[in-house]
**Student:** 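Dropping the structure in here first, questions after.
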Amino acid sequence: MIVVSGLSMRNTQEEEPPDPQLVRLDNMLLAEGVAGPEKGGGAAAAVSAATSSGGMSPDSSLEHSDYKQKLSQIRTIYHTELEKYEQACAEFTTHVMNLLREQSRTRPVSPREIERMVAIIHRKFSSIQTQLKQSTCEAVMILRSRFLDARRKRRNFSKQATEVLNEYFYSHLSNPYPSEEAKEELAKQCGITVSQVSNWFGNKRIRYKKNISKFQEEANIYAMKTAMGATQREGSPHTPNSTGYPALQTDSIVPERAG
DNA sequence: ACGCATGATTGGGC
DNA sequence: GCCCAATCATGCGT
């Protein structure tokens with residue numbers, strides 16, 4: 001582990017309730033691929049973890065490379081600084097040790113005293129490192145929110161995808177709750193993820209029932225479409241019914257309109 | 001620039 | 001774990 005590799009020789013005595021803040025920072029940096037091994041898929045893993053719900057559109061490679069580039073910048077700075085600190089710490093330690101050695105000619109210097117001095121130095125430097133970690137974490141968080149927050153990268157679904165979803169929605173208007181299998185099928189047809197299908201239906205249901213009149217036209221269009229599909233499949237290619245519109249079922253999502 | 005449409009997230013209930 | 005409701009942040013037409 002990089003963390004205080006050269007420094008943590010023997011700080012097992014006293015001190016150090018393992019600062020939960022520091023642990024959090026370390027974990028975060030590790031998860032983000034900043035503190036990990038040089039070239040592993042750390043960053044990619046972090047990205048996929050961050051987008052677990054929702055999923056990514058297939059064209060996200062551009063944003064990804066941009067994100068990865070910025071992240072590796074942060075990572076480089078982080079490692080450079082960390083190394084600088086470690087080196088400074090090591091230098092300072094040897095410097096102090098030399099001083100003590102010189103002093104040992106004129107007075108007795110116990111190993112215990114040396115250890116204590118070293119521990120003090122290390123604590124000082126590790127607090128600086130904590131600051132570095134903190135600011136690095138902040139930078140990563142900002143980067144993350146700028147690039148990875150899906151809301152910032154929203155793209156509308158394709159016309160065709162919306163078509164498919166709407167077709168299902170309006171043809172199941174009395175119970176617009178697709179099963180898991182149905183969702184998977186729709187996802188495949190639309191080229192989106194299952195969670196995106198779920199999101200879409202969640203949004204659609206709530207927005208439909210919130211303002212039915214606004215969706216009436218759309219409902220008619222899709223109802224007609226599916227009706228035509230059905231009659232065509234049954235082999236009778238003339239108009240569905242006398243009214244021109246198949247009967248719509250605008251019930252069930254909205255239980256009742258109590259005045 | 002503004003407003004509405006739309007996909008994603010959050011928080012609360014079951 | 002899914003749903004609803006509210007909310008966020010962006011897309012897009014004006």
Side-chain angles (χ1 to χ4, degrees), chain A residues 24-25 27-29 31-33 43-71 74 137-226 248-259:
Chain A
R24 215 169 49 79
L25 291 176
N27 285 340
M28 158 111 191
L29 291 174
E32 231 43 68
V47 168
S48 60
T51 57
S52 58
S53 89
M56 309 282 291
S57 30
D59 67 321
S60 51
S61 44
L62 268 179
E63 290 93 27
H64 263 143
S65 66
D66 206 3
Y67 172 82
K68 279 205 282 197
Q69 191 195 329
K70 303 259 183 189
L71 187 67
I74 292 176
C137 269
E138 254 170 60
V140 171
M141 291 300 276
I142 290 168
L143 182 69
R144 199 185 238 275
S145 69
R146 283 269 296 289
F147 284 82
L148 256 49
D149 188 343
R151 283 182 293 195
R152 293 181 192 273
K153 289 293 169 192
R154 184 175 70 76
R155 305 264 170 249
N156 290 351
F157 297 153
S158 69
K159 258 325 195 219
Q160 187 212 341
T162 313
E163 195 96 341
V164 171
L165 294 168
N166 272 318
E167 231 166 81
Y168 187 99
F169 180 79
Y170 287 111
S171 64
H172 298 73
L173 203 49
S174 57
N175 186 33
Y177 297 86
S179 65
E180 185 61 27
E181 297 88 51
K183 282 180 188 172
E184 280 167 22
E185 178 61 29
L186 287 167
K188 200 186 294 179
Q189 284 181 41
C190 299
I192 60 180
T193 67
V194 172
S195 20
Q196 283 179 304
V197 173
S198 298
N199 286 342
W200 190 91
F201 273 88
N203 282 323
K204 190 71 182 182
R205 281 190 300 261
I206 190 67
R207 282 161 184 168
Y208 177 82
K209 91 164 185 185
K210 235 181 174 174
N211 192 347
I212 293 180
S213 58
K214 184 173 280 181
F215 289 92
Q216 202 61 52
E217 194 184 348
E218 189 178 77
N220 290 340
I221 291 170
Y222 281 101
M224 189 156 67
K225 224 177 253 189
T226 53
L248 293 178
Q249 321 157 40
T250 50
D251 51 57
S252 75
I253 294 190
V254 191
E256 200 101 3
R257 193 86 192 126

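Here the structure is a predicted model, which means the values were calculated and not measured. So you know, we letter chains A, B, ... as the sequences are listed, proteins then strands, and number each from 1.
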**Student:** Taking OH from Y208(A) and P from dA5(B), how many angstroms apart are they, rounded to a whole number?
**Tutor:**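 Rounded to the whole Å, the gap is 16 Å.
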**Student:** Expressed in angstrom and rounded to an integer, what is the separation of Q196(A) atom CD from dT9(B) atom P?
**Tutor:**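 About 9 Å, once rounded to whole Å.
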**Student:** Assign N156(A) to base, sugar-phosphate, or nothing according to its heavy-atom contacts below 4.0 angstrom with the strands shown.
**Tutor:**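 Since only primed, P, OP1 and OP2 atoms lie under 4.0 Å of N156(A), the category is sugar-phosphate.
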**Student:** Taking only the side-chain heavy atoms of I206(A) (C-beta and beyond), determine which of dC4(C), dG7(B), dG11(C) contains the nearest atom.
**Tutor:**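 Looking only at side-chain atoms, I206(A) lies closest to dC4(C).
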**Student:** Rounded to the nearest 0.5 Å, what separation is found between the CE atom of M224(A) and the OH atom of Y170(A)?
**Tutor:**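 Those atoms lie 13.5 Å apart.
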**Student:** Just so I know, are the side chains of Y177(A) and F201(A) near enough to count as touching, which here means a heavy-atom distance under 4.5 Å?
**Tutor:**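 No - every pair of side-chain heavy atoms lies 4.5 Å or more apart.
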**Student:** Choosing from dC4(C), dA6(C), dG7(B), which nucleotide comes nearest the side chain of Y177(A)?
**Tutor:**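 Out of dC4(C), dA6(C), dG7(B), the nucleotide with an atom closest to Y177(A)'s side chain is dC4(C).
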**Student:** Quick one: on DNA chain C, does N203(A) or S198(A) contact a more 5' nucleotide (nearest heavy atom)?
**Tutor:**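 That would be S198(A).
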**Student:** Between P on dC2(C) and CD on E184(A), what's the gap in Å once rounded to a whole number?
**Tutor:**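 Result: 11 Å.
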**Student:** Roughly how many Å is it from CZ in R155(A) to P in dA8(B), rounded to a whole number?
**Tutor:**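 Atom CZ in R155(A) sits about 12 Å away from atom P in dA8(B).
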**Student:** Are side-chain heavy atoms of F157(A) and L165(A) found at a separation under 4.5 Å?
**Tutor:**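 In short, these two side chains touch, coming nearer than 4.5 Å.
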**Student:** Starting at CZ of F169(A) and ending at C1' of dT6(B), how long is that distance when rounded to a whole Å?
**Tutor:**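 About 14 Å, once rounded to whole Å.
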**Student:** Closest-nucleotide mapping onto DNA chain C: is R207(A) or K183(A) further toward the 5' terminus? I mean the 5' end.
**Tutor:**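 Looking at DNA chain C, the more 5' nearest nucleotide goes with K183(A).
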**Student:** Over how many whole Å does the gap from F201(A) atom CZ to dC2(C) atom C1' extend?
**Tutor:**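 Distance, rounded to whole Å: 14 Å.
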**Student:** Checking side chain to side chain contact (heavy atoms under 4.5 Å, CB included) for the pair I192(A)/W200(A): CA distance, chi angles, key distance, verdict?
**Tutor:** CA-CA 10 Å; I192(A) 60 180; W200(A) 190 91; 5.7 Å; no
**Student:** Indicate, with a heavy-atom threshold strictly under 4.0 Å, whether K214(A) touches base, sugar-phosphate, or nothing.
**Tutor:**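 Sugar-phosphate: the residue K214(A), judged by heavy atoms under 4.0 Å, touches backbone atoms but no base.
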**Student:** With a 4.5 Å cut-off on side-chain heavy atoms, are R207(A) and K214(A) touching?
**Tutor:**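 Heavy-atom side-chain distance check fails, nothing below 4.5 Å.
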**Student:** In whole angstrom, give the distance that lies between atom NZ of K209(A) and atom P of dA6(C).
**Tutor:**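 Rounding to the nearest Å, NZ of K209(A) and P of dA6(C) are 9 Å apart.
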**Student:** Send over the distance from K159(A) NZ to dG11(C) C1', rounded to a whole Å.
**Tutor:**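 For the pair K159(A) NZ and dG11(C) C1', the rounded distance is 12 Å.
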